[in-house]
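Okay, structure first, notes after.
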Amino acid sequence: MTVQIYNTLTRKKEPLRPLEENHVKLYVCGITSYDYCHIGHARSSLVFDMVVRYLRYRGYKVTFVRNFTDIDDKIIARANERGEDPSALALRFIDEFYTDMDALGTLRPDIEPKATEHIQEMIALIQNLVDKGLAYPAHGDVYFRVTGLDNYGRLSGRSLDDMQAGARIEVNAAKENPMDFVLWKGAKPGEPKWESPWGEGRPGWHIECSAMSKKYLGDTFDIHGGGKDLIFPHHENEIAQSCGASGKEFANVWMHHGFVTIKDEKMSKSLGNFLTIRDVLNTYDAETLRLFIFSTQYRNPLDFSEEALRDAGSGLDRIYTTLAEIEALSPTAETESKIGKKDRAKLESLQERFQQGMDNDFNTAQAIGVLFDCVKVLSKLVRVHGANLPQPDYDLLNHVAGIMKELGNILGVLTRNPSTVVAEKQQRLRAQLTITEQEIEELISRRNTARAEKNWATSDEVRDTLLEHNIVLQDGPEGTTWNIVDR
RNA sequence: GGCGACGUAGCCAAGUGGUAAGGCAGUGGUCUGCAAAACCAUUAUUCAGCGGUUCGAAUCCGCUCGUCGCCUCCA
């Protein structure tokens, strides 16, 4: 079985076949750095972080390139609003991006090129296109001639006729065809600019990815990724530029992830319905956010809600609690297993089933289902046999727990020590208590006296009092214990 | 208007031609004075609707309805 990936270009799942044996070359469109990143950006980074981790787990060498767009209309506009230098603003938000990425625990790409550091490569590429008749200078700008290619529109599945019928195209007299797009923008007063054969100016948006992917990965490489909103025009135009210039294929596989939505509407700056990464990490930890983001397959829309995030949090707690319980076990001298056939089969097939899910176009929802399926079994076994666990069963439980952590790491979860996580949570909850532990003990003791006298009214009253302080009681054979309710 | 995606239990979500994973919630049981927690069991004769192909369809095809996205900057 090989990794199957849905290719936007062919609209099919295809087996991954890297050009170079066992070496995957991946280019992902990164951020335009002019503001803090929101949860949609987090999804993008986390999806490709997971893709890279999984491919490496599957034995591939991965060269991962992700760019920064650090020169662009929006950066200039924002800088002007704030009276800040555009490049300083771009650099500042790249720093903020790193702060968020580190908080999310994403791996750094192997190469993170910035547009402004590749102006010469872009100029060379544009010159190549001009020489081939695929681009033309006009009024200080340079435009790509879309009619020069016979298959412009093949990624987004639209024809030039379709697009012109759409008629949502700005009037620009300099263009031969309304769908022609800008490769180089002539300088306007006060804007950042670079020398070029066509006069001073700056690059258009799409050309940077063509130039930088070529430089670091070659004319043709394996996977190009980004959000669904980049399919048109950004990726369509990259294909036009790169294929036009090289005469070769560009990226073999195009991966596009779905949006994060709020109440089923796309989260976006223009709608103003976005939450920044740091907003969310203020309340929820990174692993919770990861589990939430991976709870659906990457191509589907993901609806953000506090409830969904809380669900992810309790799921994560449950796994950590079970793993911590396994850590605390000790075996007996017995050598005969008490684990039934069905449970054993589930545990032993964990890795294989997880891999099946992930091989299926990185279906993290399926893979997480497998993880929980095993947690269920582990938790039951700890409950039923924990106090009296034969050596071989002890070994199996620990083995499976180890695999679970390894697989979790592909999603960037279960990276911490389970006992520590559980202890820290208790500590955090204790810090929020509105009652001292001594008072709790006193109340429990008062209740136990009442219970001994079968004074249930007083007993229940005490229990309710404690519940108001988020303390829930558990009467067991060894006496009464208490826990803090996480609200 | 053009192009595309999606519609599976109360909610989230897998399944992509062989008879509905998993999570949250619910119900019954064990336990308990009653609870809580935990465990055990159970919860969709059916996959938006209607046709068609097939021995067989949630899965393939057609139409209808609904939701969302792209066509302008967007992850």
Side-chain angles (χ1 to χ4, degrees), chain A residues 4 8 11-13 28-32 34-35 37-48 69 72-74 77 153 156-159 161-170 179 205 225-234 236 256-261 264-271 274 291-292 295-297 299-303 305 307-308 310-312 314-316 318-319 353 357 360-361 363-376 379-384 450-451 454-457 459-460 463-464 467 471-477 480-483 485:
Chain A
Q4 304 275 321
T8 307
R11 288 153 217 284
K12 280 190 311 230
K13 280 184 202 171
V28 174
C29 290
I31 59 157
T32 299
Y34 71 104
D35 206 343
C37 288
H38 59 62
I39 300 304
H41 299 111
R43 186 179 194 189
S44 178
S45 332
L46 291 175
V47 162
F48 289 105
T69 299
D72 160 272
D73 290 352
K74 287 194 298 294
S156 51
R158 47 191 103 190
S159 68
D161 291 344
D162 288 344
M163 289 185 270
Q164 283 164 42
R168 283 177 68 183
I169 297 150
E170 81 280 19
M179 292 314 297
W205 175 32
K228 273 190 156 82
D229 46 4
L230 297 183
I231 295 173
F232 191 88
H234 187 53
E236 195 69 74
H256 292 101
H257 65 259
F259 305 126
V260 177
T261 59
D264 292 326
E265 272 195 328
K266 181 182 171 185
M267 184 183 284
S268 73
K269 296 263 164 78
S270 43
L271 286 171
F274 64 92
L291 200 66
F292 162 68
S295 69
T296 188
Q297 204 263 355
R299 282 187 288 125
N300 296 141
L302 175 66
D303 203 49
S305 70
E307 192 193 355
R310 272 199 301 271
D311 282 359
S314 22
L316 192 63
R318 187 155 156 243
I319 303 178
R353 288 187 295 145
N360 179 19
D361 195 23
N363 197 330
T364 50
Q366 196 179 341
I368 288 171
V370 174
L371 241 37
F372 274 109
D373 196 34
C374 281
V375 169
K376 197 169 160 180
S379 163
K380 182 183 77 180
L381 293 175
V382 169
R383 252 2 103 181
V384 177
R451 289 178 74 212
K454 299 199 190 296
N455 182 353
W456 309 129
S459 163
D460 292 350
R463 189 168 60 195
D464 290 344
L467 198 57
I471 301 297
V472 63
L473 297 184
Q474 285 155 20
D475 299 325
T480 301
T481 58
W482 58 276
N483 258 313
V485 189

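A note on names: the letters A, B, ... follow the listed sequences, proteins ahead of strands, and every chain is numbered from 1.
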- Message: For U16(B) and K12(A) - does any side-chain N or O of the residue sit under 4.0 Å from the phosphate oxygens OP1/OP2?
- Response: no
- Message: Between G23(B) and C39(B), how many Å separate the two P atoms, rounded to a whole number?
- Response: 11 Å
- Query: Of the nucleotides A13(B), A75(B), A37(B), which one has an atom closest to the side chain of A365(A)?
  - Reply: A13(B)
- Message: I want to check one thing: is the phosphate of G15(B), taken as OP1 and OP2, less than 4.0 Å away from some side-chain N or O of N363(A)?
- Response: yes
- Identify which nucleotide among G15(B), A75(B), A36(B) has an atom closest to any side-chain atom of L230(A), counting heavy atoms from C-beta outward. A75(B)
- Query: Is R463(A) salt-bridged to D460(A), cutoff N-O under 4.0 Å?
  - Reply: yes
- Query: Hey, does the side-chain of R318(A) have a donor or acceptor N/O within less than 3.5 Å of a partner on the base of C24(B)?
  - Reply: no
- Distance test, side-chain N/O of Q297(A) to OP1/OP2 of A14(B), below 4.0 Å: no
- Query: What nucleic acid atoms does G227(A) come within less than 4.0 Å of, heavy atoms only: base, sugar-phosphate, or nothing?
  - Reply: sugar-phosphate
- For A48(B), the Watson-Crick or wobble counterpart (both distances under 3.5 Å): U64(B)
- Task: Identify whether any heavy atom of H234(A) sits under 4.0 Å from a base atom; if not, whether one sits that close to sugar-phosphate; answer base, sugar-phosphate or nothing.
- Result: nothing
- Aromatic plane relationship, F48(A) with H257(A) - under 30° parallel, 30 to 60° tilted, over 60° perpendicular: perpendicular
- Task: Output the single nucleotide from A14(B), G69(B), U16(B) whose closest atom is nearest the side chain of F259(A).
- Result: G69(B)
- Message: With a 4.0 Å limit, can you tell me whether S379(A) has a side-chain N or O closer than that to the phosphate oxygens OP1/OP2 of C39(B)?
- Response: yes
- Query: Which part of the nucleic acid, if any, lies within contact of V260(A), taking any heavy atom under 4.0 Å across all strands shown: a base, the sugar-phosphate backbone alone, or nothing?
  - Reply: base
- Item | Atom-to-atom span, CZ of R383(A) to P of C39(B) - whole angstrom | 5 Å
- Message: From C-beta outward on D475(A), which listed nucleotide comes closest to its side chain: G22(B), C24(B), C34(B)?
- Response: C34(B)
- Query: Is the ring of W456(A) stacked on the base of G33(B), with centres less than 5.5 Å apart and planes under 30° off?
  - Reply: yes
- Query: Does the side chain of N300(A) get closer than 4.0 angstrom to OP1 or OP2 of C12(B) through an N or O atom?
  - Reply: no
- Given the P atoms of A58(B) and G18(B), what is the spacing between them in whole Å? 11 Å
- Taking the same atom, P, in A13(B) and in G7(B), what whole-Å distance lies between them? 10 Å
- Query: In the structure shown, which nucleotide is the Watson-Crick or G-U wobble counterpart of C39(B), with both distances under 3.5 Å?
  - Reply: G29(B)
- Task: Check the distance between A5(B)'s P and F232(A)'s CZ and give it to me in whole angstrom.
- Result: 17 Å
- Verify the contact: side-chain N or O of N360(A) to OP1 or OP2 of G15(B), cut-off strictly under 4.0 Å; return yes or no. yes
